[in-house]
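Any value given below was found using the heavy atoms of this structure, including those in side chains, with hydrogens, waters and symmetry copies removed.
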Amino acid sequence: MTATALVTTGTPAPRRRMKRRTSQTIIWLVGLTLLTIVVIYPLLWLFLSTFKPNSEFGSNQGLIPQAPTLENYAKVAEGIAGISMWTFFSNSLILAVSAVIGTVLSSALAAYAFARVKFKGLGILFTAMIGTLLLPFHVVIIPQYIWFQKLGFVDTFVPLILPKFLATEAFFVFLIVQFVRQIPRDMDEAARIDGAGHGRIFWSIILPLVKPALITCAIFTFIWTWNDFMGPLLYLNSPENYPLPIALRLYNDQTATSDYGATVTASFVALIPVLLFFIVFQRFLIGGVATQGLKG
């Protein structure tokens with residue numbers, strides 16, 4: 001029977017399956033390569049455009065600059081409106097780091113309370129917290145601005161940092177709650193037998209076990225805060241307080257000549273910290289997604 005199969009088919013079955021798998025692998029590799037090129041192309045174009053003079057932005061839409069120059073980097077290093085780029089960079093760094101610290105700590109505390117502490121109105125408060133996810137940002141802009149204006153906090157970093165320490169990010173609270181609920185309550189009971197209270201349980205048991213969720217929260221908070229344009233535009237009036245997203249607007253003036261080369265270069269410089277932050281912590285993000293379905 002084996003000889004008959006070899007004669008009729010001409011190729012053994014295992015070899016045919018191997019060829020089929022090889023062809024499928026090649027198709028997947030070609031498809032993924034093309035998809036990677038599509039995704040990477042805008043970033044590569046942005047990088048190479050930092051070497052283009054202003055005269056090429058209207059005529060040369062290609063990838064390679066015709067007359068490469070480092071003048072754009074010199075302009076960005078000098079700053080704009082008498083303010084150095086380092087000032088804008090440090091403002092963004094202060095806002096992003098403060099937002100990460102405040103969001104992670106407040107969200108973790110709120111999540112622990114919802115997941116482990118029993119009190120009256122727990123269900124109502126948790127439902128109300130989830131309900132805030134349905135509120136668009138534009139609904140609360142005017143009330144928040146009036147409140148901070150009466151307190152005298154406009155043109156300071158307080159309106160951009162203070163809410164982060166008040167567990168206002170319902171998405172991250174819900175994310176951490178789901179992680180905490182997967183931790184067996186037996187660990188809490190064992191800690192209470194040893195005399196530990198809520199503070200010790202939260203700090204020594206819960207936080208180390210929900211580290212993937214905390215890292216995920218930190219990554220997205222850093223990226224969203226670093227790229228935030230609406231918040232700083234609303235509350236900050238002095239150019240020396242501007243973060244990078246607002247500073248990029250200074251390079252373009254609708255009533256005068258816009259410096260496209262400096263704008264593209266400043267955009268690329270502003271993108272570098274986000275890429276580095278994500279590359280460093282991406283393994284924790286993947287770990288958080290991988291452990292989401294596990295039960296303790």
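Residues I206 and M187 form no side-chain contact, since every pair of their non-hydrogen atoms from C-beta on lies 4.5 Å or further apart. Inter-residue side-chain proximity for Q144 and Y235 is flagged as met; some heavy-atom pair is nearer than 4.5 Å. You'll find the side chain of L214 stays beyond 4.5 Å of the side chain of C217, heavy atoms only. Proximity of R249 to Y242: side-chain heavy atoms (C-beta onward) are separated by under 4.5 Å at one or more points. Side-chain contact check for T265 versus F51: every heavy-atom pair is 4.5 Å or farther apart. A 4.5 Å side-chain heavy-atom check between K52 and Y260 finds every atom pair outside the cut-off. Residues I183 and V210 form a side-chain contact, since some pair of their non-hydrogen atoms from C-beta on lies under 4.5 Å apart. The shortest distance between side-chain heavy atoms of F157 and L236 falls below 4.5 Å.
Screening L93, I161, T103, L160 for a side-chain contact (heavy atoms from CB on, under 4.5 Å) with S98, the sole residue that qualifies is I161.
Under a cut-off of 6.0 angstrom, the local environment of CG in L34 is crowded, with over 12 non-hydrogen atoms contributed by other residues, nucleotides or ligands. Around OH of Y41, the count of heavy atoms belonging to other residues, nucleotides or ligands within 6.0 Å exceeds 12.
To the nearest 0.5 Å, atoms CH2 (W226) and OG (S92) are separated by 5.0 Å. Put simply, OG on S84 and CD on E240 are 11.5 Å apart, with the number rounded to the nearest 0.5 Å. With values rounded to the nearest 0.5 angstrom, F114 atom CZ is found 8.0 Å from I130 atom CD1. Atom OG of S106 is separated from atom CD1 of I101 by 11.5 Å, given to the nearest 0.5 angstrom. The OG1 atom of T156 sits 9.5 Å away from the CG atom of L162 when rounded to the nearest 0.5 Å. Expressed to the nearest 0.5 Å, how far NZ of K118 lies from CG of L122 amounts to 9.5 Å.
No continuous path of hydrophobic side-chain contacts links F174 to I124 [ILVMFWY only; heavy atoms under 4.5 Å]. Residues I193 and F202 do not share a hydrophobic cluster, defined by chaining ILVMFWY side chains whose heavy atoms lie under 4.5 Å apart. A continuous path of Ile, Leu, Val, Met, Phe, Trp and Tyr side chains, each step under 4.5 Å between heavy atoms, connects F119 with I201, placing both in one hydrophobic cluster. The same ILVMFWY cluster, assembled from side-chain heavy atoms under 4.5 Å apart, contains both I272 and L275. Under the 4.5 Å side-chain heavy-atom criterion for grouping Ile, Leu, Val, Met, Phe, Trp and Tyr, I246 is connected to F148 within one hydrophobic cluster.
For the pair T225 and A99, the tightest heavy-atom approach, listed with the atom from each and the gap, is OG1-CB, 3.4 Å. For the pair N72 and S49, the tightest heavy-atom approach, listed with the atom from each and the gap, is ND2-O, 4.2 Å. When all heavy atoms are compared, the tightest approach of P159 to P163 is O-CD, 3.2 Å. The minimum heavy-atom distance linking A170 with L133 is given by the pair CB-CD2, 3.7 Å. Pairing each heavy atom of G261 with each of N54, the nearest pair is N-OD1, 2.8 Å. Heavy-atom minimum distance, R116 versus D188: NE-OD2, 2.6 Å.
T132 places a side-chain N or O within 3.5 Å of a backbone atom of M129 that can act as its donor or acceptor partner. Of the possible donor and acceptor atoms, one in the side chain of E56 sits under 3.5 Å from a partner among the backbone N and O of A67. The closest donor-acceptor contact from the side chain of E71 to the backbone of P53 lies at 3.5 Å or more, if one exists at all.
Remark: aromatic rings of F268 and W45 are distant, center separation not under 6.0 Å. Aromatic ring centroids of W224 and F172 lie under 6.0 Å apart.
Contacts of S90 classified as side-chain contact (heavy atoms from CB on, under 4.5 Å), with partners at least two apart in sequence or in another chain: W86.
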Take K211 and F179 through the side-chain contact (heavy atoms from CB on, under 4.5 Å) test and state the conclusion after the steps.
CA-CA 9 Å; K211 185 170 65 173; F179 271 79; over 6 Å; no
N241 and D155: CA distance, side-chain angles, deciding distance, side-chain contact (heavy atoms from CB on, under 4.5 Å) verdict:
CA-CA 8 Å; N241 292 332; D155 201 22; 3.5 Å; yes
Applying side-chain contact (heavy atoms from CB on, under 4.5 Å) to L43 and L271, what does each step give before you reach the verdict?
CA-CA 10 Å; L43 182 61; L271 184 63; 3.3 Å; yes
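Between E189 and R192 there is a salt bridge, since at least one side-chain N of the basic residue sits less than 4.0 Å from a carboxylate O of the acidic one.
Contacts classified as side-chain hydrogen bond (donor to acceptor under 3.5 Å, both in side chains) and involving residues 161-170 (residues at least two apart or in different chains) are given here: K164-E169.
At least one cation-pi condition fails for R200 and Y112: the charged atom is not both under 6.0 angstrom from the six-membered ring centre and inside a 45 degree cone around its axis.
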